[in-house]
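I have placed the structure first, in the form of structure tokens, so that the comments after it can refer back to it.
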Amino acid sequence: MKFVHLSDLHIGKRVNEFSMTEDQEYILDQILSVIDEEKPDGVLIAGDVYDKSVPATEAVTLFDDFLVRLASRGVRTFVISGNHDSPERLAFGARLMRAQNVYISPVYAGNSEAVTLNDEYGEIDVFLLPFVKPVHVRRYFPEEKIESYTDALRVALSAFDIHPERRNVLVTHQFVTGASRSESEEISVGGSDNVDACVFDAFDYVALGHIHRPQRIGRDTLRYCGTPLKYSFSEADQEKSITVIELREKGNTLVRVRPLKPLREMREIRGYFDELISAKYYAGLPREDYYHITLTDEEDIPDAITKLRTVYPNVMRLDYDNARTRAGIDFSEAEAIEKKTPFELFSEFYVRQNGKPMDEEQERYLTALMAEIWEENK
């Protein structure tokens, strides 16, 4: 049986105040073209369908059109909510949609009923587990000790009726320890949202969402497919793709990727202002792409971004790298700080204030406090 794995569509997203709707419509058309070529039995959409819990009308219309076009092809579609989605809104009409082979996870209620499929090798159970936090799982399992995201996932999955002799597929949306993040993701404090990969051992394929960089975690069949589009310049060097999975007999799963080409690429260029606006420089560049431009002029250029947009209409971000911007802090050090977690930054601050690192008890307290604050402000 063949599946296509998608996630993190973030329909309705704006990047640096640029609407990505046209780009998203273009890439969804391309994904449908790949589906027409691959002719999968099912499509797995692993959360963050929308960028906001209350999506704009045009975002809902775009996803509705995508689902209708999938259903018209007779492709089973499995959808879960991610941390950006409202599970209640996404699940509206889910029972009616099952008649069209569109399966949307309901709001988490302590269990999950598998959708059972059949092929020449036997039965396949597809389980849908939307994004959950420890507080969601504790509600249904008050007798269990649930202190971490790993505990929460372990307990949640223990309630699933898994048949080990069958091939089991899980669609979920969590941060699995060891995954490589990008700037466009929502980062939790202190790594408190980490989930150990071992909790997924019972599944033949785990279709993960949440992380925007396509990657495997430990094994080929525990996988993030990544976003179909680039949503930050930290992803500029990535090749976006969708993942194709073929489940044959138990223990024999083939995984491959199909690359996607966006309507507009994300590019980073740097240099002197006069150099970058010269025809000799930009002649070989696709001028309609999205640009992050770093000017190296020592003097600020008046109204630089407006002038640059006469050559590069879609300049998303403008920075300077010169003696003034480097004063007091090294440019590379600033980049390093951006990559640190709040826990790491507070730990460094504590050392500077107290001349010694925190002890284990203080670290545990800080991690718990940050996690509590994070949950309260979600």
For Thr77 and Leu67 the tightest heavy-atom approach is CG2-CD2, 4.0 Å
Glu265 atom CD, over 12 foreign heavy atoms within 6.0 Å: yes
Without swapping roles, check the side chain of Asp36 against the backbone of Lys39 for a donor-acceptor pair under 3.5 Å. no
For Glu246, check side-chain contact (heavy atoms from CB on, under 4.5 Å) against everything at least two apart and list the hits. Lys2, Arg248, Leu254, Arg256
Does Lys250 reach the main-chain N or O of Tyr121 with its side chain, forming a donor-acceptor pair under 3.5 Å? no
Quick check: does any side chain N or O of Thr177 sit under 3.5 Å from a backbone N or O of Val195, one acting as donor and the other as acceptor? yes
Who pairs with Ala304 by side-chain contact (heavy atoms from CB on, under 4.5 Å), at least two apart in sequence or on another chain? Leu295, Ile301, Leu318, Tyr320
Is there a path of hydrophobic side-chain contacts, each under 4.5 Å between heavy atoms, that joins Ile146 and Val132? yes
Can you tell if the side chain of Met266 reaches within under 4.5 Å of the side chain of Val15, non-hydrogen atoms only? yes
Say whether, by atom type as modelled, one donor and one acceptor occur between the side chain of Lys230 and the main chain of Gln238 under 3.5 angstrom. yes
Is there a donor-acceptor contact under 3.5 Å linking the side chains of Glu235 and Ser232? yes
Residues, nucleotides or ligands: over 12 heavy atoms within 6.0 Å of Glu299 CD: no
Could you go step by step and tell me if Tyr140 and Asn111 meet the side chain to side chain contact (heavy atoms under 4.5 Å, CB included) rule? CA-CA 9 Å; Tyr140 297 98; Asn111 54 22; over 6 Å; no
Checking His173 against Asn83: is there a side-chain donor and acceptor pair closer than 3.5 Å? yes
Is it the case that atom CD in Glu361 sees more than 12 heavy atoms from other parts of the structure closer than 6.0 Å? no
Tightest non-hydrogen contact, residues Val176 and Tyr224, listed as N-OH, 2.9 Å
Parallel, tilted or perpendicular, judged at 30° and 60°: which one describes the rings of Tyr103 and Phe78? parallel
How long is the gap from OH on Tyr312 to CD1 on Ile277, to the nearest 0.5 Å? 8.5 Å
To the nearest 0.5 Å, how far apart are CE in Met316 and OH in Tyr291? 12.5 Å
Can you see which heavy atom on Ile27 is nearest to which on Pro228, and at what distance? CG1-O, 3.7 Å
Taking atom CD1 of Ile211 and atom OG1 of Thr227, what is their separation to the nearest 0.5 Å? 10.5 Å
Test side chain to side chain contact (heavy atoms under 4.5 Å, CB included) applied to Ile217 and Phe200, step by step: CA-CA 11 Å; Ile217 307 296; Phe200 303 113; over 6 Å; no
A side-chain contact here means heavy atoms from C-beta on lying under 4.5 Å apart; do Phe63 and Ile45 qualify? yes
What about Leu263 and Ile31, same hydrophobic cluster or not, with Ile/Leu/Val/Met/Phe/Trp/Tyr joined at side-chain heavy-atom distances under 4.5 Å? no
Determine, for Asp29 against Arg69, whether the closest basic-nitrogen to carboxylate-oxygen distance falls under 4.0 angstrom. yes
Where the side chain of Lys133 meets the backbone of Asp193, is there a donor-acceptor pair that is under 3.5 Å apart? no
So Ser86 and Val54, do their side chains get closer than 4.5 Å, heavy atoms only? no
So, does His5 use its side chain to make a donor-acceptor pair with the main chain of Val206 at under 3.5 Å? no
Taking 4.0 angstrom as the limit, do Lys145 and Asp151 come out as a salt bridge? no
Can you classify the ring geometry of Tyr290 versus Phe18 as parallel (below 30°), tilted (30 to 60°) or perpendicular (above 60°)? perpendicular
Please check if atom CD in Glu360 has more than 12 non-hydrogen atoms from other residues, nucleotides or ligands closer than 6.0 Å. no
Is there a chain of hydrophobic side chains (I, L, V, M, F, W, Y, each step under 4.5 Å between heavy atoms) that links Tyr282 to Val315? yes
Can you check whether Arg139 reaches Tyr108 side chain to side chain, under 4.5 Å on heavy atoms? no
Going through the checks in order, is the side chain to side chain contact (heavy atoms under 4.5 Å, CB included) test met by Glu268 and Thr294? CA-CA 8 Å; Glu268 295 185 292; Thr294 302; over 6 Å; no
Atom of Val49, atom of Leu9 and distance for their closest heavy-atom approach: O-CB, 3.6 Å
Find out whether Phe66 and Ile11 are in side-chain contact, i.e. whether some heavy atom of one side chain is under 4.5 Å from a heavy atom of the other. no
Side-chain heavy atoms of Ile162 within contact of Asp125, under 4.5 Å: no
With rounding to the nearest 0.5 Å, note down the distance linking CG in Asp119 to CG in Asp41. 7.5 Å
Side-chain heavy-atom pair Leu70, Val102 within 4.5 angstrom cut-off: no
Using 30° and 60° as the class limits, which term best fits the ring planes of His210 and Phe175: parallel, tilted or perpendicular? perpendicular
Out of curiosity, does Leu44 fall in the hydrophobic cluster containing Val79 (side-chain heavy atoms, cut-off under 4.5 Å, transitive links)? no
Any donor-acceptor pair under 3.5 Å from Arg76 side chain to Asn101 backbone: no
For Arg98, does the CZ atom have more than 12 heavy-atom neighbours from other residues, nucleotides or ligands under 6.0 Å away? no
Once the angle between the rings of His292 and Phe233 is folded into 0 to 90°, is it parallel (under 30°), tilted (30 to 60°) or perpendicular (over 60°)? tilted
Minimum heavy-atom separation for Asp204 to Thr221, with atom names? O-CB, 3.1 Å
Assess whether side chain to side chain contact (heavy atoms under 4.5 Å, CB included) is satisfied between Arg223 and Tyr205, documenting all intermediate values. CA-CA 8 Å; Arg223 194 174 190 90; Tyr205 185 80; 3.5 Å; yes
Closer than 3.5 angstrom, by distance alone: can the side chain of Asp48 be matched with the main-chain N or O of Asp8 as a donor-acceptor pair? no
Counting distance only, does the side-chain N/O of Gln100 pair as donor-acceptor with the main-chain N or O of Met97 below 3.5 Å? no
Pro262 and Lys240, any side-chain heavy atoms less than 4.5 Å apart: no
To the closest 0.5 Å, what do you measure between CZ (Arg167) and CD1 (Ile124)? 3.5 Å
Determine the minimum heavy-atom distance between Ala159 and Gly110, stating which atoms define it. CB-O, 3.6 Å
What's the spacing between Ser112 OG and Leu128 CG if we round to 0.5 Å? 5.5 Å
Any chain of hydrophobic side-chain contacts (each under 4.5 Å) joining Val255 to Leu208? no
For Arg73, is the CZ atom crowded, meaning more than 12 foreign heavy atoms sit under 6.0 Å from it? yes
Within the side chain of Asp196, is there an N or O that forms a donor-acceptor pair under 3.5 Å with the backbone of Thr150? no
